[in-house]
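A quick write-up on the structure given underneath.
Hydrogens, waters and symmetry mates play no part in the numbers below; they use all other heavy atoms, side chains included. Just so we're on the same page: letters track the sequence lines, and every chain starts at 1. Small disclaimer: the values here were computed from a predicted structure and weren't measured.
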Amino acid sequence: MRPASPWWRLLTVALVLLIGAGMYWATLKVNYQWRWERVPEYLLVTGGEEVPAPFDGTVAVSGKQIRITPLLGGEAQVIPEIDVVQVSDGEIVFAGNTVGKKAGITPGPLLVGLWVTLKISALSLVFALVLGLIAGLGRVAHNPAARDLAAIYVELIRGTPLLVQMFIVYFFLGTVLNLSGFVAGVTSLAVFTGAYVAEIVRAGIEAVPKGQMEAARSLGMSHWQGMRKVVLPQALKRSLPPLAGQGINLIKDSSLVSIMALTDLTKAGREVVSSTFSPFEVWFTVALMYLLLTGALSVYVRKLEKKMAHD
Amino acid sequence: MNTEQEVLIEAREVEKRYPNGTLALKGVSLAINRGEVVCIIGPSGSGKSTLLRTLNALESISSGEILMDGISVHAAKTDLNALRTHAGMVFQQFNLFPHMTALENIMLAPVEVLKLPAAQARSRAEALLAKVGLADKAGNRPAQLSGGQQQRVAIARALAMQPRVMLFDEPTSALDPEKVGEVLDVMKDLAAEGMTMVVVTHEMGFARAVADRVLFMDRGELVYQDAPEAFFTSASNERLRAFLGQVAAR
Ligand SMILES: Nc1ncnc2c1ncn2[C@@H]1O[C@H](COP(=O)(O)OP(=O)(O)O)[C@@H](O)[C@H]1O
Ligand SMILES: [Mg+2]
């Protein structure tokens, strides 16, 4: 094939820029005050641990040094390691009042939300893979009970909306079994994704030529040995691209757990928006953070695929 | 002919009807002696593969009985996994495991089924690769081997279980013509070592030179059997004559 002209790339860039400009122009029309400079503080909060006053006293501030003279008399004391001073000279503080912050940075609400999303997604993915593998094997099993159970599971889950499943898990199972929001979230995501994984696994197994299992059986291997050593390795290799797609869906679907009183990335975004009036910047930032997670997963799976193609 | 005349495999009035209704075997009876090389020929669809696959229970049978070493192959209580270790099978499409090297293909069943220590399985596999002339291909994947080489690895894989009988289902039919000879040579060596072999083939030259007995199947029936010389020259059976005529005309 003739290599395509580089002009097409240029056209792509031009179109993307055009769309971006269009969106910018649209925001001008609604008279929106962009404050991108405030986004970093939703990600990282500067100022570390708050430092309380050790006793009631009068504050003397010079530079970053806080010195407190006890009201009840006695030695004045210097408070060490203060980076941000939050009292003024001559002020009277009581024991426990915050006088300043130590140096350091702590994650802001969006990063905390990202971490929750990552934890939920990773855990759900592991359980979904296990569940999907079992159900997928059930779909191709000889045993009619295993086949039917797996089929019912897959059809039930694929036939109902995830949000409804989450309501059921959170409000019904959650109440009956007293599940935390986190457990309920991971459960519903894993059960949901597992059904799709099962279908991917089944398709992968069915795509392996019948002669493979026959060869294994002719050598005296049991059905399970043939499955484990011969069929599954080939099936899973074929399944890797669709599984990656399912993993990406899982990360995105995890945004629905915000109904479960869980502050994931989406919920964190909502909280920041409601307290700052910067919805555009926040939602763009949140979208970018999801993109980072899904992008990292795609890159990882593509590497894995390459590695498996070699060995 | 073998002098012992000890029967290794016996089929009695075997019938096979596939679930879709096809009657593939219509009461086939035969006996195969230890050390004997039996070739089965016949037109496509005559039931040759089906017969071969019922011998190691890759296919079930509808009625009749098959005995291997006196054990009823299709009896409910028979341990098929154990039984199949005694019958090596070589397929038309090789069916090598593509995700494993030649050596790993051969080692797998000895390790998994016979529970051989890896080192022992490895030296057995290496010896077998040398035997089929592929000592230098141990680390190759099937995709990196020619058809003839793949089929030789497949033979070595079956031999690794030290079977009592080798079943070949058209082992050279999927090969380029120039690769047929190398596979047949390996099979000739096996025959010379006294391996019991059942070979479904279209290679008349091989059947003539190596077989102790040649069987002709047609439409699910075992129509005729004889020693090769008589089989190919003086057989008076109508259907066999017609089939041999067709093959010669090709
Ligand atoms: N799995 C199967 N299901 C249904 N019919 C089959 C199956 N395998 C083979 N047959 C039929 O059984 C007959 C014998 O087939 P086969 O044993 O493969 O013949 P051959 O090996 O001599 O070409 C043919 O009519 C074939 O169509
Ligand atoms: Mg056949």
- Message: Are there residues of residues 114-145 of chain A whose heavy atoms fall under 4.5 Å of chain B's heavy atoms? If so, which?
- Response: none

- Task: Kindly indicate whether the side chain of B:F97, heavy atoms from C-beta on, has any atom under 4.5 Å from the side chain of A:P233.
- Result: no

- Please indicate whether B:Y18 has more than 12 foreign heavy atoms, meaning atoms of other residues, nucleotides or ligands, lying under 6.0 Å from its OH. yes

- Ordered numerically, the heavy-atom neighbours of chain B under 4.5 Å found in residues 239-247 of chain A are none

- Look at atom CZ of A:R228 and say whether more than 12 heavy atoms of other residues, nucleotides or ligands are closer to it than 6.0 Å. yes

- Task: Can you tell which part of B:E112 gets under 4.5 Å to a heavy atom of chain A, answering side chain, backbone, both or neither?
- Result: both

- Heavy-atom donor-acceptor pair, B:H99 side chain to A:K229 backbone, under 3.5 Å: yes

- Task: Check the surroundings of atom NZ in A:K303: do more than 12 heavy atoms from other residues, nucleotides or ligands lie under 6.0 Å from it?
- Result: no

- Task: Decide if atom CZ of A:R147 counts as having more than 12 heavy atoms of other residues, nucleotides or ligands within a radius under 6.0 Å.
- Result: yes

- Please state whether the side chain, the backbone, both or neither of B:R53 comes within less than 4.5 Å of a heavy atom of chain A. side chain

- CZ on B:R157 to OG on A:S218, rounded to 0.5 Å: 6.5 Å

- Message: Before you tell me yes or no, could you show the steps for A:R217 and B:R84 under side-chain contact (heavy atoms from CB on, under 4.5 Å), namely the whole-Å CA-CA distance, both residues' side-chain angles and the distance that decides it to 0.1 Å?
- Response: CA-CA 8 Å; A:R217 298 308 302 271; B:R84 289 192 184 115; 3.4 Å; yes

- Task: May I ask you to list the residues in residues 187-215 of chain A that approach chain B closer than 4.5 angstrom, counting heavy atoms only, ordered by number?
- Result: A:G211, A:Q212, A:E214, A:A215

- Query: Should B:L108 and A:M221 count as side-chain neighbours, where that means a heavy-atom distance under 4.5 Å?
  - Reply: yes

- Note on the structure: d(A:S222 OG, B:D79 CG) to nearest 0.5 Å is 10.5 Å

- Query: When only pairs under 4.5 Å are counted, which of B:L83, B:L58, B:L167, B:N56 shares the most heavy-atom pairs with chain A?
  - Reply: B:L58

- Note on the structure: What one should report as the nearest heavy-atom pair of B:V113 and A:L219 is CG2-O, 4.0 Å

- Message: Are there residues of residues 131-138 of chain B whose heavy atoms fall under 4.5 Å of chain A's heavy atoms? If so, which?
- Response: none

